[in-house]
*Asks:* 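One structure coming up, written as C-alpha cells, with questions to follow.
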Protein chains: 2
Amino acid sequence: MSPEPQKGRAPSIRDVARLADVSHQTVSRVLNGHPSIRDETRQRVLDAMEALKYRPNRAARALVTSRSRTIGVLSATTGEYGPSSSIAAIEDAAREAGYFVNTANLAASTPAAIVDALKHLVLQDVEGLIVMAPQVRVFDVLAGMAIDIPYVSLQSTGQSDHRALAVDQIAGARAATQHLIDLGHHEIVHLAGPQDWIEAEARMRGFLDAIIEADLRTHPPILGDWTADFGYYAGRELSRYRDFSAVFAANDLMAIGLMHAFRDAGLDVPRDVSVVGFDDIPVAQHVSPPLTTVHQEFREVGRRAVALLLSELRGEPVSQSEEIVPALVVRGSSGPVHAALVHY
Amino acid sequence: MSPEPQKGRAPSIRDVARLADVSHQTVSRVLNGHPSIRDETRQRVLDAMEALKYRPNRAARALVTSRSRTIGVLSATTGEYGPSSSIAAIEDAAREAGYFVNTANLAASTPAAIVDALKHLVLQDVEGLIVMAPQVRVFDVLAGMAIDIPYVSLQSTGQSDHRALAVDQIAGARAATQHLIDLGHHEIVHLAGPQDWIEAEARMRGFLDAIIEADLRTHPPILGDWTADFGYYAGRELSRYRDFSAVFAANDLMAIGLMHAFRDAGLDVPRDVSVVGFDDIPVAQHVSPPLTTVHQEFREVGRRAVALLLSELRGEPVSQSEEIVPALVVRGSSGPVHAALVHY
DNA sequence: TTGTAAGCGTTATCAC
DNA sequence: GTGATAACGCTTACAA
C-alpha cells in the first residue's frame, strides 16, 4: 500500500558515495567539513545525502574516534526548581554545542548510590562530568574510583584541582545576612543546608562572615535538608525558644516551611520574626508575606558549567570567566517596614 | 612518578581473550551470558576481565547491533516539580533496566523548537521516546517528520495509536470540582493549563463533567500557562468581576499565584473564595492557607512510562496496567469549615 | 563447547 | 582534490 522509502538498512556513507559518484572517503570529508574539496563535488555529495535522507551513524563515528560527544550530569534532586532549571539549561547548551547529555540522579547520597550513578555514566562513555550533587561526598568517591574524567562543579572557594564555576554563594549569603543586620536584628539564626553540599557550606560561611564582622552573637546553625517540610519542623522547634528575631534560611523551600511553622505558632512574619531565603524560586513572591531572598541565575549556572567543561575537553586554557554574584531581592517579608523589631 | 596502569589504549575483548587463553569470541559469549560455556572457561575469562579492568565498548556494540540502549525524553519544563520528578524517576527506572536516558528540553513550544529537539534525539539514535511536553503539538510534528520511533505519552482518553500511560486526570479533576460543589459552591471558575497539553485538556474535561452533572452554570475557563505569575495575573482579573465563589486551578503553582492575588484584593481564602489546585507540590501544604489539591504520583508516572516503553521495545503485548487515579487531598483552604460561603 | 571469518559505518593514513 | 586500504571493538554467522 505504501511506497518503499527504505530498503531495510539505513543509508550509509557508501550509499551516498555511490549516488554521488565519489568514494566514500570523499563523503566523509564533506561530513567533516574538510577544506580541500571542490565545491561542485561537495554539492553533489550534499544532494545525494539529501536524496537518501542520509543520517550519520553515531556509533560508528564514536567507535573510530573514541569520542562519545556526551557529557554526564550527576544530580541529586527531587524536583527542586534550582537544580532542575540548571539541568535543563545544561541540556540546551550542550545540544547547541553538538553534545548529548546523560543525567544520573542520585537515589540517596550514600557512597554506594554515588558509585552506582558514576558507573552508569562511565558505562555511557561520558567525556566529562558536571556535578550538581553533594560535592563533598562525590569528590571522595571519584577519588576512590580512580576515574579519570574531567569534571566541573559549583564552587565558591578557589581551592580545587578541577574546574569550578565561580558563583559567589558566600557573597550572596553575606548580603542576605547583612540585610537582616541592617534592619536592626542582633539575634539571627541560620537554617543551613546539608553540609556535604558546597552551596550549603558556602552559605553558612557567608552568614558567619557577616555575623562575625558585625560582632553579633553566633547562634548554632540548624542543619537541614533543603526541604520545606524540614523548614516547618525547624520552625516548630525554633518557636519554642524564641531567642532570636530573624532567620536566614539556606534556601527558599526551607524558608517557606519555616514561615508556615511561625504562623502556626502565632508568630507574625515579619512583625515578630524576619525571614530571608535563598534561590528566589518562582513561588517565593507569591507566598504570604512575599519572601525576601537571594536571586540565583540557575540557567546561567548551567550554561557556564557546560562552557567550562567543553573548554576543558578541548584543552583550552582556563578562561577566567567573571564571577556570578547572586543578588539580594527584597520583597517585603523583612523589608524596611519593620523597623520596630520584637526581640525575645 | 605514578605507576603505568594503562598502556594508552583501553583493553579490548581481544586483550581479555589473550590473557584468558581463549578466542575473543568466547569472551564475547561470556559478556552476553551465552549458555554453552564451560564454567571453568567462563571463570578464566571473568578473571582476565577483572585483571585488565575491562569495560565493554558501547560504540562498538551499538555499531554492530544497531541498538543504542538509549531512550529519549522530550520535556518542556522550566524547573517545575512535577515534570522534573517524573524525569528523575524515568532516569532511575531506565538505569535499572540497563538503559540510558537522553533528555531534550523544549525551549519554546513552537513547531520549530519541537523539530529541533526531536532531531537531536533522533541523532542520538534513541530507541524510544517519552513525551512530557505539549503532546498535541508534538504529535503533529512527529507525524510530519515521518519519524518511526515508538513513543509513550501521558494520556487520559483511550483513543491513540501509540502507547499511553493511564493516569486518570479526568477523575482527579472531577473529584476536585466535586469537592467544591459539595462545599456548596455554585459558581466555579476553572483556571486551565495550556490546551495543547493533554493534562490540561483532561483536567478541564473533568471539571466540565462535574459542573454539567451538577447542572451548574458554566463559566468560561481561563487559559493559563502553568506559572504562578499567570495565576496571580488571572487572580487580579478575576477579583474585579466577582461572579464566582470558587476556583479550580489546573495546577498548584497557578493556584498559589491566584491566592496571592486574592489576598492583595482583600479577599480572604477560603472565607470569601475557595481555591483548589492540582499536583500536590511540596510547598502546597506550607502556603497560607494550606492548599487543597489533587495529589499526583509523579515518580510512579515516570516509572510506568519507562516500563511501558520498554515493553513496547521488546515487542511484548500491551500489559493492561491499572490506571493511576490522582487522589484529592483536602488540607483546609476549602475545607468543610467554610459552610458559610459568600456568593457574589 | 569453542574457534574462524566477516562485517557493522565511520575516520585516519597514505597514496595518486 | 580525491581514492584505496586499514583500522576501531564488537556480534552474528558458520565451522570444527
Side-chain angles (χ1 to χ4, degrees), chain A residues 6-49 52-70 98 100 122-125 127, chain B residues 6-49 52-70 98 100 122-125 127:
Chain A
Q6 49 215 6
K7 28 166 269 166
R9 208 175 93 278
S12 86
I13 206 181
R14 305 189 121 92
D15 298 316
V16 175
R18 199 171 310 122
L19 185 58
D21 198 34
V22 293
S23 76
H24 74 276
Q25 184 46 243
T26 300
V27 176
S28 172
R29 289 198 178 95
V30 171
L31 228 37
N32 294 285
H34 191 99
S36 35
I37 275 212
R38 214 187 316 159
D39 275 357
E40 193 266 336
T41 313
R42 183 198 327 281
Q43 196 51 54
R44 245 188 15 250
V45 170
L46 290 175
D47 289 347
M49 286 178 173
L52 262 42
K53 292 196 179 312
Y54 165 80
R55 272 198 312 114
N57 181 313
R58 226 171 82 79
R61 182 175 286 178
L63 175 58
V64 72
T65 59
S66 51
R67 316 229 301 100
S68 65
R69 293 225 158 252
T70 299
F100 301 95
V122 167
L123 267 185
Q124 166 78 313
D125 291 325
E127 294 181 22
Chain B
Q6 51 213 5
K7 29 168 265 166
R9 209 175 90 278
S12 85
I13 205 180
R14 306 190 120 92
D15 298 316
V16 175
R18 197 172 310 124
L19 185 60
D21 197 35
V22 294
S23 76
H24 74 275
Q25 183 46 242
T26 300
V27 177
S28 170
R29 289 199 177 95
V30 171
L31 227 39
N32 295 286
H34 190 102
S36 34
I37 276 213
R38 214 189 314 159
D39 275 356
E40 193 265 334
T41 313
R42 185 201 323 283
Q43 196 51 54
R44 241 182 26 244
V45 171
L46 289 175
D47 289 347
M49 286 179 173
L52 263 40
K53 292 197 179 310
Y54 167 80
R55 273 198 312 112
N57 181 312
R58 227 172 80 79
R61 181 174 287 178
L63 175 58
V64 72
T65 59
S66 49
R67 315 228 304 99
S68 64
R69 293 224 159 253
T70 299
F100 301 95
V122 168
L123 267 185
Q124 165 79 315
D125 291 325
E127 293 181 23

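So you know, we letter chains A, B, ... as the sequences are listed, proteins then strands, and number each from 1.
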*Asks:* Nearest-Å distance, CG (B:Asn32) to P (D:dT12)?
*Replies:* 7 Å

*Asks:* I'd like to know if A:His34 reaches the base of C:dT11 with its side chain such that a donor and an acceptor end up less than 3.5 angstrom apart.
*Replies:* no

*Asks:* Of B:Asp39 and A:Tyr54, whose closest DNA chain C nucleotide lies nearer the 5' terminus?
*Replies:* B:Asp39

*Asks:* I'd like to know if the side chain of A:Arg58 and the backbone of A:Ser68 have a donor-acceptor N/O pair within less than 3.5 Å.
*Replies:* yes

*Asks:* Could you give the CG-to-C1' distance, from B:Leu31 to D:dG9, as a whole number of Å?
*Replies:* 11 Å

*Asks:* Counting side-chain heavy atoms from CB outward, which of C:dG3, C:dG9, D:dG3 is closest to B:Val22?
*Replies:* C:dG3

*Asks:* For A:Ala20 and A:Ala48, work out which heavy atoms get closest and say how close.
*Replies:* CB-CB, 3.9 Å

*Asks:* Remember a base hit wins even if backbone is also touched, and classify A:Leu63 as base, sugar-phosphate or nothing at under 4.0 Å, heavy atoms.
*Replies:* base

*Asks:* With rounding to the nearest 0.5 Å, note down the distance linking CG in A:Asp15 to OG in A:Ser12.
*Replies:* 4.0 Å

*Asks:* Can you figure out which of C:dT11, D:dT2, D:dT11 approaches the side chain of B:Val64 most closely?
*Replies:* D:dT11

*Asks:* Taking only side-chain nitrogens and oxygens of B:Asn57, does any of them come within less than 4.0 Å of OP1 or OP2 of D:dC8?
*Replies:* no

*Asks:* Let me know, please, whether B:Glu40 or A:Arg55 comes out on the 5' side of the other along DNA chain C by nearest nucleotide.
*Replies:* B:Glu40

*Asks:* Would you indicate what B:Ser28 reaches in the nucleic acid, counting non-hydrogen atoms under 4.0 angstrom: base, sugar-phosphate, or nothing?
*Replies:* base

*Asks:* From C-beta outward on A:Pro56, which listed nucleotide comes closest to its side chain: D:dT11, C:dT2, C:dT10?
*Replies:* C:dT10

*Asks:* So how far is it from A:Thr70 OG1 to A:Asp125 CG, rounded to the nearest 0.5 Å?
*Replies:* 8.0 Å

*Asks:* Would you name the heavy atoms of A:Tyr54 and A:Ile13 that are closest together and state the gap between them?
*Replies:* CE1-N, 3.7 Å

*Asks:* For C:dG3, take OP1 and OP2 only and decide whether either is under 4.0 Å from a side-chain N or O of B:Thr26.
*Replies:* yes

*Asks:* Rounded to the nearest Å, what distance is computed from the CD atom of residue A:Gln43 to the P atom of nucleotide D:dT2?
*Replies:* 13 Å

*Asks:* For the CG atom of B:Leu31 and the CD atom of B:Gln25, what is their distance to the nearest 0.5 Å?
*Replies:* 10.5 Å

*Asks:* Among the candidates D:dC10, C:dT11, D:dT2, find the nucleotide nearest to the side-chain atoms of B:Arg14.
*Replies:* D:dC10

*Asks:* Give me the atom names and distance for the closest heavy-atom approach of A:Asp21 to A:Arg44.
*Replies:* O-NH2, 3.6 Å

*Asks:* Should B:Arg61 be listed as having a side-chain N or O under 4.0 Å from OP1 or OP2 of D:dT11?
*Replies:* yes

*Asks:* Nearest to the side chain of A:Arg9 - C:dT11, C:dT4, C:dG9?
*Replies:* C:dG9

*Asks:* In whole Å, I'd like the distance from the CG atom of B:Asp21 to the P atom of C:dT1.
*Replies:* 19 Å

*Asks:* Under 4.0 Å between a side-chain N/O of A:Ser23 and OP1 or OP2 of D:dG3, yes or no?
*Replies:* yes

*Asks:* Please classify the nucleic acid contact of A:Thr41 as base, sugar-phosphate, or nothing, using heavy-atom distances under 4.0 Å.
*Replies:* sugar-phosphate

*Asks:* Taking only nitrogen or oxygen atoms into account, show me every contact under 3.5 Å that the protein makes with nucleotides 14-16 of chain D, one pair per line with its distance.
*Replies:*
none

*Asks:* Atom NE2 of B:His24 and atom P of D:dT11: how far apart are they, to the nearest Å?
*Replies:* 9 Å

*Asks:* Distance check needed: D:dG3 C1' versus A:Ile37 CD1, whole Å only.
*Replies:* 11 Å

*Asks:* Does B:Asp39 have any side chain to side chain contact (heavy atoms under 4.5 Å, CB included) partners at least two apart in sequence or in another chain, and if so, which?
*Replies:* B:Arg42

*Asks:* Taking atom P of D:dA4 as reference, at what distance in whole Å does atom CZ of A:Arg18 sit?
*Replies:* 13 Å

*Asks:* Could you work out which one of C:dT10, C:dT2, D:dA13 sits closest to the side chain of B:Gln25?
*Replies:* D:dA13

*Asks:* What is the nucleic acid contact for A:Ser36, judged by heavy atoms within less than 4.0 Å: base, sugar-phosphate only, or nothing?
*Replies:* base

*Asks:* Just compare C:dT2, C:dT11, D:dC10 and give me whichever is closest to any side-chain atom of A:Ile13.
*Replies:* C:dT11

*Asks:* For A:Leu63 and B:Ala60, work out which heavy atoms get closest and say how close.
*Replies:* CD1-CB, 3.6 Å

*Asks:* Output the single nucleotide from D:dA4, C:dT10, C:dT2 whose closest atom is nearest the side chain of A:Ala60.
*Replies:* C:dT10

